[in-house]
Amino acid sequence: MATKQQHGLAAGWKWRLANANGISKADDIPDLKTWTPVTAFPSVVQMELLAKKIIPDPNVGENERQIQWVGGMDWEYSCSFPTPKGLDNSSIADLVFEGLDTFANVFLNGKEILKSDNMFIPHRVNVTSQLQPEGQENELSILFESALKKGSELETKFGARKQVIRDKRRSHIRKAQYQWGWDWGPVLVTAGPYMPIYLETYSARLEDVYITTELAEDHSTATLTIAVQAAGPPAKVAKVSILDQALSQVSDELEIALDDSKKGSATVTITDPKLWWPNGQGAQHLYNVSVSLMDGSSSQLDTKTIRYGIRTIKVIQRPLDNAPGKTFLFNVNGRDIFSQGGNWIPGDNLLPTMTRERYFDWVRLSQYHHLNMIRVWGGGIYETEDFFDACDEMGMLVWHDYAFACGDYPVHKEFLDSVKAEAEAQTIRMRNRASLALLCGDNEDFGIQDFFGEPYDFKDHEGPFENSTFPARKIFLDVLPKLCERLCPAIQYWPSSPWGEEGTNASDTTFGDLHQWAVWHGPQHAYQKYGELSGRFVSEFGMHGFPIMRTVDVFAPDLKDRHPQSRTIDCHNKGHGAETRIARYLSENFRYDMKLDNFAYCSQLLQSEAYGYALRDWKRKFGGKGKEECAGAIIWQLNDVYPVTSWAYIDYYLRPKPAFYTIRRNFAPISVGIERTPRSRWIDEDKPKDSYIPNFALFAHNTTPAEVKCTLQLRAYDLYGGKEVELDWTGVSSEVTLSAGHNTELGSLKPHASWTEETLVILDASLLDPSTKKVVARFTDWPEPYRYLQWPVDTKVTVSVQNMKNDHTNTYISDTHFEDVVTVTANQPIKGCWLEPVYDGNEKQDEPEPLWEDNMFDLLPGQEIEVAVKGLRGRKVNVRFLADWEVGPAKAHL
């Protein structure tokens with residue numbers, strides 16, 4: 001019997017226009033009808049048109065508006081391949097299509113072998129009898145019909161759906177929903193073989209290996225159950241070997257006898273297992289579980305190796321001591337953790353361009369700024385093996401939505417059958433992953449129903465739902481939970497995000513998870529109110545900010561477009577009403593002008609301040625068992641799908657925005673915060689002036705699993721008096737102990753007797769390692785709003801760069817190997833110090849930005865801030881800060 005072999009079909013592909021569907025553009029470009037070699041495979045047709053310069057780059061200017069015709073046409077791909085040698089009577093040959101986007105008719109040697117209408121369903125087609133004789137060529141062709149055209153046909157057949165976001169037709173189609181346009185990305189409806197295609201030959205093969213764990217409470221043992229499903233002629237046995245990360249065998253080889261249905265299972269107990277932990281909680285140990293399928297003569301027919309992490313992940317919902325509702329927190333290996341996350345959207349409009357390297361770069365940056373969770377948003381795709389490999393290796397818990405977002409989905413038989421096949425295939429594919437923490441039915445579908453205001457019984461979890469005002473509950477409360485219970489009962493299923501479960505609507509603040517859009521959307525509250533807008537687990541919240549100017553230069557290269565209200569700037573911000581909301585939040589907080597680089601910087605500082613407020617205030621609510629009023633914050637959003645102004649804090653080119661470093665400080669193992677009361681001396685002119693003298697509450701968060709002792713250092717500076725002022729330490733101690741894994745209150749600092757109503761206090765709090773005296777956490781609290789502050793006109797900032805002879809490391813921040821140290825000092829208080837390299841215009845577009853130990857920080861006179869950096873490449877450093885355009889921008893002094 002033959003061993004399984006995979007024959008790649010990545011070469012020799014060509015493409016052409018199949019049908020213009022009445023769009024005149026085809027007549028203008030006759031080459032579209034000619035077969036043209038594919039430039040890369042896998043592929044979508046926009047990649048090929050871009051490579052041939054038939055369409056302009058959609059990332060630049062308003063070019064995206066010029067390429068909408070592409071989605072309205074039908075396209076064809078074709079290749080030829082030889083029938084492999086060595087096939088015998090026991091051999092089976094399957095064509096495997098990992099993903100076809102989306103309406104695909106597949107032909108082999110002129111005969112249709114597959115029709116697919118769901119880009120999320122992989123297909124395996126037995127073509128043994130349809131291949132040409134050994135060595136001869138086979139012709140494989142795929143017709144991709146326009147999703148726009150097919151969407152119109154389905155809408156006519158089944159009726160229009162309700163919709164809030166973009167094209168209503170998308171709800172009828174099992175295609176990545178963001179491709180129809182979203183409030184952070186363009187309309188770019190792709191078509192093509194966007195995932196690998198190959199021919200697989202075998203006598204028998206391993207169809208699936210499923211591993212589950214029972215971990216002893218004291219972690220002394222872990223019992224693994226390995227279940228095997230084979231396909232093809234009956235095989236007798238599967239052999240299993242388990243190696244640790246150092247490739248040492250941890251148990252005797254197992255033999256699994258397969259029954260007549262080609263199934264079998266076995267258990268093995270590992271003593272003193274090495275566990276997989278989320279980032280910041282411990283190591284990410286991965287075992288290698290290798291399974292070999294054997295025939296009756298002990299010859300190997302197929303083999304599969306799974307990198308498997310031993311861990312338990314539970315979602316804990318229990319009553320709180322002094323607050324209504326229940327917790328919603330993740331417990332890993334028996335340890336309650338605060339989830340520090342970012343929401344992930346697809347990494348590109350052209351999905352095949354997302355390489356393994358790009359995925360690892362994204363997750364590496366996530367690890368660097370102390371994330372321990374990534375939520376895969378439901379309007380994109382089921383993420384790839386490369387994504388999961390990176391998350392497994394770097395300790396990212398993955399909350400993964402099924403592929404439904406902000407929609408009103410049908411429940412007729414054809415649609416439900418497709419959803420079931422999709423969900424089964426993707427759930428089986430993901431379920432062995434160490435990083436997979438939760439499977440969620442959808443993104444905001446219940447919230448959208450609440451928005452439309454059509455009544456339904458939120459507490460009805462049983463149905464029937466088909467003839468109700470919200471029939472799609474059939475998918476999220478019936479189809480998907482039953483499927484998850486059958487296929488992966490150890491992984492928590494959650495019906496929707498947000499989901500209140502025991503409340504009255506999807507946005508309940510006391511149960512489940514919450515999307516907190518009362519800042520930016522909705523009533524557009526001040527971001528300073530985030531502390532009052534908490535939920536048990538905030539799985540979305542965000543604030544817009546421009547990308548760095550190097551990225552703005554890409555999408556707005558024309559000088560006439562380089563102002564905040566240009567058509568191009570607005571084209572690269574898809575948020576409805578975003579231009580007015582950015583202006584509103586800026587006007588409430590800062591003085592700013594309309595020079596583009598100043599406007600962009602102010603928006604970046606705005607985003608940084610908003611995220612800082614939210615994270616400090618919500619982490620403060622994670623106070624130990626019974627006091628976990630908020631147990632997670634997942635920022636909307638981690639990444640961008642193309643160069644754009646959005647909620648993302650890392651842009652499309654993997655360039656961190658200033659907010660990245662504010663998030664990094666607040667997600668660090670040790671962080672410190674200050675709550676000022678009142679926040680402003682300009683709150684109410686009717687109040688007596690002495691009521692504006694502030695009080696300060698101090699607190700700190702320790703995310704590590706061990707208690708930490710620190711020295712608290714405080715410094716107060718009077719902005720208008722231009723000098724340091726005394727402090728009254730009565731309510732606080734300089735020596736503090738931070739409890740493991742949660743927030744610790746450090747006490748309240750009362751106004752000093754010398755402070756008057758004219759004293760404008762800036763308070764700086766630092767936590768120092770008692771042994772090394774190094775600063776491990778720092779926060780500077782300012783009176784607000786910043787628009788009222790008068791900045792000293794003699795402000796001077798000096799910046800120096802020194803090459804490091806030895807690697808610079810900080811125990812509490814990172815073990816990244818840096819190359820230079822930048823030292824910053826100022827003669828006046830500085831808000832929002834943003835360090836950036838000075839470019840000469842000759843750098844390559846794909847040259848990465850430097851990675852800083854810290855950035856976008858504040859400093860007081862006399863402070864000398866040293867920041868390590870990697871990737872400066874000998875460039876000078878410039879510094880920006882709030883109102884530098886009023887006092888004269890700082891120049892690098894090297």
Any chance the rings of [X] and [Y] have centres within less than 6.0 Å?
{"X": "Tyr198", "Y": "Phe97", "result": "no"}
{"X": "Phe330", "Y": "Phe537", "result": "yes"}
{"X": "Phe387", "Y": "Trp344", "result": "yes"}
{"X": "Trp184", "Y": "Trp377", "result": "yes"}

Is it true that [X] and [Y] have a side-chain N and a carboxylate O under 4.0 angstrom from each other?
{"X": "Arg375", "Y": "Asp401", "result": "yes"}
{"X": "Lys474", "Y": "Asp478", "result": "yes"}
{"X": "Asp101", "Y": "Lys175", "result": "yes"}
{"X": "Asp94", "Y": "Arg124", "result": "yes"}
{"X": "Arg174", "Y": "Asp117", "result": "no"}

What pairs with Lys115 under side chain to side chain donor-acceptor pair (under 3.5 Å), at least two apart in sequence or on another chain?
Asn105
Lys262: partners by side chain to side chain donor-acceptor pair (under 3.5 Å), with sequence neighbours left out
none
Taking the six-membered ring for Trp, are Phe404 and Tyr409 parallel (under 30°), tilted (30 to 60°) or perpendicular (over 60°)?
perpendicular
Exercise: do Ser496 and Asp442 side chains pair donor with acceptor under 3.5 Å:
yes
Asp386 and Thr384: side-chain donor and acceptor closer than 3.5 Å?
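Their side chains do not contain a donor-acceptor pair, so the 3.5 Å distance test is not met.
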Just by distance, do the side chain of Thr128 and the backbone of Ala93 share a donor-acceptor pair under 3.5 Å?
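Present.
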Can any side-chain N or O of Tyr287 pair as donor or acceptor with the backbone N or O of Lys274 at less than 3.5 Å?
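Checked: pair present.
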Residue list, salt bridge (charged side-chain N to carboxylate O under 4.0 Å, His left out) with Asp640, at least two apart or on another chain:
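In terms of salt bridge (charged side-chain N to carboxylate O under 4.0 Å, His left out), with neighbours along the sequence ignored, Asp640 is linked to no residue.
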Which atom names give the shortest non-hydrogen contact between Asp392 and Ala434, and what distance separates them?
OD1-N, 3.5 Å
